[in-house]
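Working notes, structure below.
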Amino acid sequence: MKNTYIYFFEGRLYINLTNRCCNDCTFCLRNNVDGVGEESLWLSEEGTKEEIVKLISEADKSYEQAVFCGYGESTYRLDDMLFIADYLHSIGKQTRLDTNGLGSLINGYDIVPKLIGKIDFASISLNQADAVKYDEVSRSIYGTEAFDAMLEFAKKCIAGGIKVLLTVVDVIPQEDIEKCRILTEKLGAQFRVRSYIE
């Protein structure tokens, strides 16, 4: 099986670091399809940071933004991700992390100070407006503790100058989407409703 460590989608470079994730979201794309377009994002092994930088160095460079987003949670490989982010900045690219926001729980310490200056944008899966409903859709190994940890991560990213977008998927009730919108505005982040992909 060919391992896809980088791929292009909608004019951006995407980096698939891992298939590990602490959540099992009911709406996750990987429950329905193997990848994006023709590229399977399931990995038989994780690529080294050096392998991935080499692939990026040899790829088309017409994109402006590189996104850490594949079929897993990139913060499981925090130091490797930051190494790659440094390379991307060195060639003039913006960096974005698409995340469940639980990297500090995963790593056992507050990771945000390490992200500052490395990650320009963070797109965080808000998923729901309270801990119980969040747990119902996210099915995190951390249970209801995950919701507050995700919000704290978002707050610290904002305070550290990282631009934050909080997202929900349109499978939740409209009244919950509005609660999420209000919560996002209070945090001072941007908000987006994503479409569920069959």
Side-chain angles (χ1 to χ4, degrees), residues 5-6 14-25 28 30 41 43 45-53 56 65-90 93-168 180 183-184 186-192:
Y5 300 132
I6 68 169
Y14 282 73
I15 301 158
N16 185 31
L17 286 180
T18 186
N19 290 157
R20 289 177 282 167
C21 191
C22 54
N23 287 1
D24 180 24
C25 297
C28 186
R30 67 189 204 165
L41 299 180
L43 302 174
E45 60 182 358
E46 295 177 350
T48 67
K49 61 188 179 183
E50 292 85 4
E51 279 182 281
I52 294 169
V53 163
I56 295 169
Q65 188 178 79
V67 186
F68 292 97
C69 176
Y71 264 13
E73 171 54 45
S74 298
T75 56
Y76 272 96
R77 296 188 60 192
L78 179 64
D79 290 338
D80 290 344
M81 180 183 77
L82 298 179
F83 177 90
I84 296 165
D86 278 339
Y87 172 73
L88 288 161
H89 276 168
S90 79
K93 305 303 180 184
Q94 297 174 348
T95 56
R96 187 179 95 200
L97 170 62
D98 286 8
T99 178
N100 60 26
L102 301 179
S104 295
L105 283 181
I106 290 165
N107 287 280
Y109 64 91
D110 177 14
I111 68 168
V112 175
K114 281 191 165 186
L115 301 183
I116 295 168
K118 312 278 188 178
I119 298 297
D120 303 309
F121 302 88
S123 176
I124 303 169
S125 298
L126 174 59
N127 294 346
Q128 261 292 1
D130 66 59
V132 172
K133 288 182 176 180
Y134 175 91
D135 190 49
E136 287 171 0
V137 296
S138 301
R139 300 183 297 198
S140 177
I141 63 171
Y142 300 111
T144 53
E145 178 187 359
F147 181 74
D148 286 340
M150 175 269 300
L151 288 183
E152 187 65 18
F153 176 79
K155 289 175 189 173
K156 288 182 174 179
C157 283
I158 292 167
I162 298 169
K163 295 175 185 174
V164 171
L165 171 73
L166 295 179
T167 69
V168 297
C180 289
L183 175 58
T184 300
K186 286 180 180 175
L187 287 175
Q190 293 181 304
F191 182 71
R192 183 163 75 89

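Model, not experiment: these values are computed from the prediction.
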- Can any side-chain N or O of Asn16 pair as donor or acceptor with the backbone N or O of Leu41 at less than 3.5 Å? yes
- Query: Measuring from Ser138:OG to Asp24:CG, what's the distance to the nearest 0.5 Å?
  - Reply: 9.5 Å
- Item | Flag if over 12 foreign heavy atoms under 6.0 Å of CD, Glu50 | yes
- Do Ile106 and Arg20 have side-chain heavy atoms sitting under 4.5 Å apart? no
- Note on the structure: Closest heavy-atom pair, Leu105 versus Ala149, reported as atoms and distance to 0.1 Å, is CD1-CB, 3.6 Å
- Taking side chain as C-beta onward, heavy atoms only, is Leu126 less than 4.5 Å from Leu151? yes
- Kindly compute the distance separating CG (Leu17) from CD1 (Ile52), expressed to the nearest 0.5 Å. 5.0 Å
- Query: Rounded to the nearest 0.5 Å, how far apart are CD1 of Ile119 and OG1 of Thr95?
  - Reply: 4.0 Å
- Message: Do Tyr109 and Lys114 have side chains that approach each other closer than 4.5 Å (heavy atoms only, starting at C-beta)?
- Response: yes
- Does the side chain of Thr99 pick up a donor-acceptor pair with the side chain of Glu73 at under 3.5 Å? yes
- Query: Tell me the ring-ring contact (aromatic ring centres under 6.0 Å, His included) pairs involving residues 125-166, sequence neighbours left out?
  - Reply: Tyr134-Phe147
- Task: Tell me, with the steps shown, if Asp120 and Arg96 meet salt bridge (Lys or Arg N to Asp or Glu O under 4.0 Å).
- Result: CA-CA 6 Å; Asp120 303 309; Arg96 187 179 95 200; over 6 Å; no
- Query: Looking only at heavy atoms, which two atoms of Cys22 and Asn100 are closest? And how far apart?
  - Reply: SG-ND2, 3.5 Å
- Close side-chain approach of Arg77 to Glu46, heavy-atom, < 4.5 Å: yes
- Message: Let me confirm one number: the CD1-CG distance from Ile111 to Leu78, rounded to the nearest 0.5 Å.
- Response: 5.0 Å
- Item | Leu97 side chain near Met81 side chain, heavy-atom distance below 4.5 Å | yes
- Query: What heavy-atom pair brings Ala85 and Phe68 nearest, and what distance separates the two atoms?
  - Reply: N-CZ, 3.8 Å
- Query: How far does OG1 of Thr75 sit from CG of Asn107, to the nearest 0.5 angstrom?
  - Reply: 6.0 Å
- Message: Met150 vs Leu102, test: side chain to side chain contact (heavy atoms under 4.5 Å, CB included). Steps then yes/no.
- Response: CA-CA 6 Å; Met150 175 269 300; Leu102 301 179; 4.0 Å; yes
- Message: Rounded at 0.5 Å granularity, tell me how far CG in Asp130 sits from NZ in Lys133.
- Response: 5.5 Å
- Query: How close do Arg30 and Cys21 get, heavy atom to heavy atom, and via which atoms?
  - Reply: NH2-CB, 3.9 Å
- Query: Are any of the side-chain heavy atoms of Asp86 and Lys118 separated by less than 4.5 Å?
  - Reply: yes
- Message: How close do Cys25 and Asn127 get, counting heavy atoms only, and between which atoms?
- Response: SG-ND2, 3.9 Å
- Check: Phe191 and Leu183 side chains under 4.5 Å, non-hydrogen atoms: no
- Taking the side chain as every heavy atom from C-beta outward, state whether Ser123 and Thr167 have any pair of such atoms under 4.5 Å apart. yes
- Note on the structure: Between Cys157 and Leu115, the two heavy atoms sitting closest are SG-CD1, 4.5 Å
- Message: Going by ring pair (Phe, Tyr, Trp, His ring centres under 6.0 Å), name the residues that satisfy it together with Tyr76, two or more places apart in sequence or in a different chain.
- Response: none
